[in-house]
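Atom set for the values below is all heavy atoms of this structure, side chains included, hydrogens, waters and symmetry mates excluded. Numbering of residues begins at 1 and proceeds along the displayed sequence. This structure is a prediction, so every number in the text was calculated from the model and none was measured. In each ligand, atom 1 is the first atom listed, and ligand 1 is the first ligand listed.
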Amino acid sequence: MNIDELKKRIDTKIICKKLLYSKELTSTNKILYQKAVQEKLPDGTTLIADVQTEGRGRLDRKWVSPEGNLYISVLLRPDVDPKNTPIFTFLASCALKDTFDLYQVDSVIKWPNDILIKKKKIAGVLTELKFAGDSIDFLIVGIGVNLNMTLDYISDSMPGISNKVTSLGIELEKKINKEEFTASLVNNIESFYQRFLSKGKSEILSEWTSRWNSLGKQVEIKDGEKVYKGVAERVDENGFLYIKTESGKLEKVITGDFVF
Ligand code: BT5
């Protein structure tokens, strides 16, 4: 990543005001978390890496992180109840969706943290938090976006899921300019974070819901061995998904993976 090029394109007051960069590290979420524990980093501090050797998904899953893609983590210090943390995953998803829209690709938000194109995963969000007593000390919102991963790389390195993964470069059949994509993502994160600061979490939830195309549709979610099937009724401020099953029962789903 050319950081000077990136900075030229960023127009923000909070996000990236402090910008950290590494060519290679274990995980941007892990390293930013460790730094934030050691020193008082300001709201919006951002860490970007070109390669991650231990990129993480939820539940300690692996996030495949070769050179060419985007790995970015943003530290936030919002004044919210820890149980509302998923709002920041939604905030990142809104920013991602609006960025993909600029590239005129049809991206789809999947609850709770995926962005898909043509039913293939192109980006994921991992939000982690540090408590200070009963409240939040800080949050780390980590975003991975497949920008320039090739079909060959995907089929060689991602056995089992290679037909469920894509990159923006594959979709648009061209090399994606990382600085350009990253700057518009950062600018969009800033805009949603500013809206959160002025209007609160319900604003983000409604922005997310308006971009979520599963509302009112039949969905199937797998949570370990349990499978929930039904119509997606709504998502609340704690990130829970409510599904109306065939029997008419309203099920609350706390976490899980879309079956797609
Ligand atoms: C996620 O987890 O989707 C969250 C991914 C967050 C990654 C970012 S990169 C910057 C920051 N630093 C980190 O260490 N992490 C964050 P989850 O919903 O659990 O999905 C993980 C699953 O996605 C894996 O088990 C694979 O099936 C699949 N997967 C792994 N790498 C992928 C990739 N590059 N593209 C698409 N799917 C992938």
Checklist entry - Once you round to the nearest 0.5 Å, how far does OG1 of Thr28 lie from CD of Gln52? => result 4.5 Å

Checklist outcome for this item: ligand 1 atoms nearer than 4.0 angstrom to some heavy atom of Val125 are 4 (C)

Item to check | Subset of ligand 1 atoms that lie under 4.0 Å from at least one heavy atom of Met158 | outcome: 31 (N), 32 (C), 33 (C), 34 (N), 35 (N), 38 (C)

Next on the checklist: Tell me if a side-chain donor or acceptor on Asn187 pairs with a main-chain N or O of Arg9 at a distance below 3.5 Å.
Outcome noted: yes

Next on the checklist: Looking at ligand 1, would Leu59 count as a contact under a 4.0 Å heavy-atom criterion?
Outcome noted: no

Checklist entry - Can the ring centroids of Phe192 and Phe90 be said to lie less than 6.0 angstrom from one another? => result no

Checklist entry - What do you reckon, does Tyr71 have a nitrogen or oxygen under 3.5 Å from a nitrogen or oxygen of ligand 1? => result no

Checklist outcome for this item: Rounded to the nearest 0.5 Å, the CD1 atom of Ile221 sits from the CG atom of Leu241 at a distance of 5.5 Å

Checklist entry - Should Val165 be counted as touching ligand 1, given the test is an N or O pair under 3.5 Å? => result no

Checklist outcome for this item: Within the 4.0 Å heavy-atom cut-off, what Arg61 brings close to ligand 1 is side chain

Item to check | Ile143, portion touching ligand 1 at heavy-atom distance under 4.0 Å | outcome: backbone

Checklist entry - Is it the side chain, the backbone, both or neither of Thr28 that has a heavy atom closer than 4.0 Å to ligand 1? => result both

Checklist entry - So, for Ile140 and Ser73, which heavy atoms are closest and what is the spacing to 0.1 Å? => result CG2-CB, 3.8 Å

Item to check | Within-4.5 Å side-chain heavy-atom neighbours: Val145 and Thr99 | outcome: no

Checklist entry - Between Arg56 and Asp60, is there a salt bridge with N-O shorter than 4.0 Å? => result no

Item to check | Electrostatic pair Glu207:Arg211 at N-O distance under 4.0 angstrom | outcome: yes

Checklist entry - For ligand 1, which atoms have a heavy atom of Ile161 less than 4.0 angstrom away? => result 26 (C), 27 (O), 28 (C), 29 (N)

Checklist outcome for this item: Note: ligand 1 atoms sitting under 4.0 Å from heavy atoms of Arg56 are 5 (C), 6 (C), 7 (C), 13 (C), 14 (O), 15 (N), 16 (C)

Checklist entry - Short list, please: which atoms of ligand 1 are under 4.0 Å from a heavy atom of Asn29? => result 11 (C), 12 (N), 16 (C)

Item to check | Atoms of ligand 1 close to Lys62 [distance to a heavy atom under 4.0 angstrom, numbered from 1] | outcome: 24 (C), 30 (C), 31 (N)

Checklist entry - Applying a 4.0 Å heavy-atom criterion (strictly less than), which segment of Gln52 is in contact with ligand 1: side chain, backbone, both, or neither? => result side chain

Checklist entry - Can you name the one residue among Thr12, Ile204, Ile14 that meets side chain to side chain contact (heavy atoms under 4.5 Å, CB included) with Tyr193? => result Ile14

Checklist entry - What's the shortest heavy-atom distance between Ser214 and Ala232, and which atoms? => result O-CB, 3.4 Å

Next on the checklist: Under 4.0 Å from a heavy atom of Gly55: which atoms of ligand 1 are those, numbered in the order shown and with their elements?
Outcome noted: 14 (O)

Next on the checklist: When you measure from the heavy atoms of Lys30 to every atom of ligand 1, does any distance fall below 4.0 Å?
Outcome noted: no

Item to check | Per-atom contacts of ligand 1 with Asn146, taking only distances under 4.0 Å to non-hydrogen atoms | outcome: 33 (C), 34 (N), 35 (N), 36 (C)

